[in-house]
Every structure is written in C-alpha cells, then in structure tokens.
2 protein chains.
Amino acid sequence: MRAAFCGQPNLLDNNFYRSLWSRLIFVQQTSSNFRKLCAEHGLAVTHQRQVLYEVMQGMEGHPSPEEVFARVKKKVPAISLATVYKNIHLFVESGIFRKMSMHHGSVRVEMNDEEHHHMVCSRCKAIADIGEKELGLAPRRRKLPDGFLVERYAVDVIGLCAKCQQQAS
Amino acid sequence: MRAAFCGQPNLLDNNFYRSLWSRLIFVQQTSSNFRKLCAEHGLAVTHQRQVLYEVMQGMEGHPSPEEVFARVKKKVPAISLATVYKNIHLFVESGIFRKMSMHHGSVRVEMNDEEHHHMVCSRCKAIADIGEKELGLAPRRRKLPDGFLVERYAVDVIGLCAKCQQQAS
DNA sequence: GTGCTTGCAAACCCTTTGCACAGCC
DNA sequence: GGCTGTGCAAAGGGTTTGCAAGCAC
C-alpha cells in the first residue's frame with residue numbers, strides 16, 4: 001500500500017484526479033438533473049430536497065421513510081422527519097418517484113376463497129377482484145432468480161375504474 | 001300483500017316455514033363449519049368469534065377492521081375493537097383468511113426506473129426486485145371486466161427467499 | 001418582497017398491549 | 001379448575017398538520 005504512495009506518484013495522481021473529476025461530473029449531472037426536474041414540476045430547489053433526492057436515488061431496495069431520514073440526517077443534521085415525509089409525498093405526486101403499493105394503509109383481508117387478483121383504481125383506490133382466467137396473465141414459473149421459491153403470484157392491475165373514467169372525461 | 005296473508009294461508013305457511021327451515025340449516029351449517037375450523041386450529045368457540053367470522057364471510061370486497069367492527073357491533077354491541085383486531089390476526093395466522101398485501105405497513109417508494117415487479121418473502125418480508133423478462137410474464141390485456149382501463153400491472157411473487165429456505169430446512 | 005419550505009411540536013389514526021374479569025373446555 | 005378469550009384503557013408506531021421563522025425566486 002505504502003509502496004504505491006512512494007513508488008508511483010504519477011499513477012496515484014492520475015487515479016486521484018480522475019476519481020475526483022468523475023465525482024465532480026456526477027455531482028454536477030445529478031444537480032442539473034434535479035434542477036430540471038424541479039423546474040418541470042414547479043418545485044423550489046432547496047438543499048434539503050436535493051440531498052433527499054440524491055440519497056433516495058442511491059439507496060437499494062425499498063427503504064422506509066425512517067431509513068431515508070437517518071441517511072439524510074448524516075448530510076443535513078438539522079433536517080426534520082416531517083420534511084422528509086412532505087418531500088417524499090411531493091416527489092410521488094410529481095411522478096418523480098412511484099409509490100410501491102396502491103393499497104390502503106390499514107389491514108385488509110381476503111374472504112374470497114377462489115384464485116383471484118385485484119384491479120386497483122389509481123384515482124379512487126377502489127379494489128375489485130378479478131378471477132385468474134379473466135386476467136389472462138399467468139406467470140407460472142417455479143424457479144426465479146436468487147433461488148426464490150414461489151408460493152403464489154399476486155397481481156395488482158393498476159388503472160382507472162369505469163366511474164373514474166367517466167369523471168375524467 | 002294482505003291478500004296473501006288472508007287468501008293463501010297454506011302457501012304462506014309453506015314459504016314461511018321453508019324460509020325458516022333453510023335459514024336454520026344455513027346457520028347450523030355455518031356454525032358447525034366454524035366449530036370444525038376452530039377445532040382444527042385449537043381455537044375456543046366464542047360467540048364473538050363466531051359472529052365475527054360470519055360477518056366477515058358475508059361482506060363484499062376488502063373491508064377495513066373498523067368497517068368489520070361496525071357491522072359486528074350491531075349483533076354484539078359490547079364487543080371491543082381490540083377483540084376484532086385480535087381475532088382477525090388469529091384467523092389470518094390460522095390460515096382461515098389471508099392478508100391481502102404482504103407489504104410493510106409504512107410508505108415505500110420505487111427508485112428503480114426500469115419495468116419490474118417484486119419477490120416478497122412470506123417469512124422475513126424481504127422485498128427484492130425482479131425484471132419483467134425474468135418473471136416470464138404473458139401478454140397483457142388492455143380491456144378487463146367492468147370497463148376497467150389498465151395502466152400497468154404490478155406483480156408480487158410470494159414465496160421464500162434463499163435464506164429463509166435454509167433456515168426452514 | 002412574496003410565496004413556498006423548513007423545523008418543531010402537537011395531533012392524528014390505526015394498531016397493539018397489559019390487565020382484571022368472564023367464559024370455554 | 002385451568003387456561004383462553006374478552007373488554008377497557010393506555011401506550012405505541014407511523015404519519016400528518018399548524019405555525020412561526022427562513023429561504024428561493
């Protein structure tokens with residue numbers, strides 16, 4: 001390790017500046033992207049908002065608001081959880097990010113025994129059942145990546161129910 | 001209306017008793033079904049539990065616990081919301097009913113732009129993304145029953161992740 | 001300067017828990 | 001009789017809201 005520092009100063013310098021440079025470009029790109037996004041959606045560009053956006057983009061999986069908050073707090077210690085919530089909602093409403101599940105927050109239970117899936121209205125959130133056959137969509141693989149063992153498939157069809165289509169037109 | 005009461009006493013009696021009889025049979029069936037279910041799952045048969053079960057079976061759609069509570073309260077005024085919650089959970093754990101969504105209760109957001117779906121582990125609740133192609137999804141329909149207009153499909157694959165399979169064996 | 005954003009604290013909703021009493025087995 | 005289930009009230013988690021001060025445009 002130390003040999004590298006002493007013996008190959010030029011290589012070190014190259015790597016160092018290359019790394020610094022590419023990082024700078026990345027930050028500039030993200031920043032300008034974000035400014036553009038905000039402009040498109042009529043949002044003010046604040047420091048909190050920008051950091052939140054970058055942190056969320058950089059996180060794997062589907063973190064909870066608390067987890068996002070914890071990460072953002074490292075870069076903006078004074079930020080409040082309420083700000084995180086407000087902005088996550090703003091991002092979702094603007095279409096910058098997407099909510100994972102359209103379902104109601106509270107516990108819902110299936111009383112319908114038959115194999116079926118759901119049609120969820122993106123406007124009024126109404127949920128109607130749809131039989132496996134009517135859906136005409138049958139992914140039936142038993143083997144999936146990462147050795148995931150399939151028990152069953154649950155399909156949500158997101159769209160507009162008849163009522164909301166009428167109201168929209 | 002009144003003519004029926006006066007003019008056709010036999011028919012009235014027939015209908016009346018037939019109706020009463022079929023209702024009695026229904027209640028007995030439900031009751032004995034429920035007793036059997038409870039026996040299978042080691043649950044005590046209480047009045048509250050039985051009414052809750054019958055009410056839930058008789059409800060359309062995917063009512064919230066509050067809505068179920070309101071209905072049950074009409075038949076068992078003294079019942080408490082806590083009892084409703086406890087028993088809904090018991091029913092779900094026993095496999096008598098099924099939870100609609102395996103997702104965490106809190107808000108989750110998609111940061112992954114690409115078309116993808118989710119593999120949800122029924123044991124540890126971990127959520128992993130899976131691409132549309134890896135899922136092997138059949139062609140999509142744009143028209144569904146009740147004039148529902150499709151925007152997109154969201155598929156959850158429920159099963160066991162590799163880790164939980166190891167722990168299970 | 002005007003209006004949107006922030007941070008704080010309190011309120012809010014939904015759900016769970018602890019406990020004494022009642023009811024099933 | 002022992003053990004589970006109930007009802008009540010209080011606590012808990014996650015989320016939203018109201019408001020004064022701060023910042024972007």
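In what follows, every chain begins at residue 1, and chains take the letters A, B, ... in the order their sequences are listed.
- Residue B:H89 is the one, among B:A44 and B:H89, whose nearest nucleotide of DNA chain C lies closer to the 5' end (criterion: closest heavy atom).
- Atom CD in B:Q50 sits about 21 Å away from atom P in D:dT4, given to the nearest Å.
- In this structure, B:L90 and B:V107 both approach DNA chain D, and ranking their closest nucleotides by distance from the 5' end singles out B:L90.
- In this structure, the side chain of B:E67 engages the main chain of B:S64 through a donor-acceptor pair within 3.5 Å.
- Distances from the side chain of A:S106 to the nucleotides C:dT6, C:dA9, C:dC14 place C:dC14 closest.
- With a 4.5 Å cut-off on side-chain heavy atoms, B:H103 and B:R108 do not count as touching.
- Straight-line distance from the CD atom of A:E66 to the P atom of D:dT16: 12 Å, rounded to whole Å.
- Phosphate contact (OP1/OP2 of C:dG7, side-chain N/O of A:Q48, threshold under 4.0 Å): present.
- A close approach under 4.0 Å does occur between a side-chain nitrogen or oxygen of B:T83 and OP1 or OP2 of D:dG7.
- Going from atom CG of B:L52 over to atom P of D:dG7 covers 11 Å, rounded to whole Å.
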In sequence, state the C-alpha distance, the side-chain angles, and the governing distance for B:H118 and A:H62, and then conclude on ring-ring contact (aromatic ring centres under 6.0 Å, His included).
CA-CA 11 Å; B:H118 297 116; A:H62 309 86; 4.8 Å; yes
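- The CG-P distance, from B:L43 to D:dG5, rounds to 6 Å in whole Å.
- Here D:dG7 is the nucleotide among D:dG7, D:dT17, D:dC25 with the atom lying nearest to any side-chain atom of B:A78.
- Atom CZ of A:R49 and atom P of C:dC4 are 11 Å apart (whole Å).
- Taking only side-chain atoms of B:T46, from C-beta outward, the nucleotide of D:dT6, C:dA9, C:dC25 with the closest atom is D:dT6.
- Atom NZ of A:K86 is separated from atom C1' of C:dC4 by 11 Å (rounded to the nearest Å).
- Put simply, the side chain of A:Q165 gets close to the backbone of A:L160: a donor and an acceptor are under 3.5 Å apart.
- By the 6.0 Å contact criterion, NZ on A:K73 is enclosed, its count of non-hydrogen atoms from other residues, nucleotides or ligands being greater than 12.
- Between A:F69 atom CZ and C:dG7 atom C1' the separation is 10 Å, expressed in whole Å.
- Between the CD1 atom of B:I88 and the P atom of C:dT16 there is a distance of 10 Å, rounded to whole Å.
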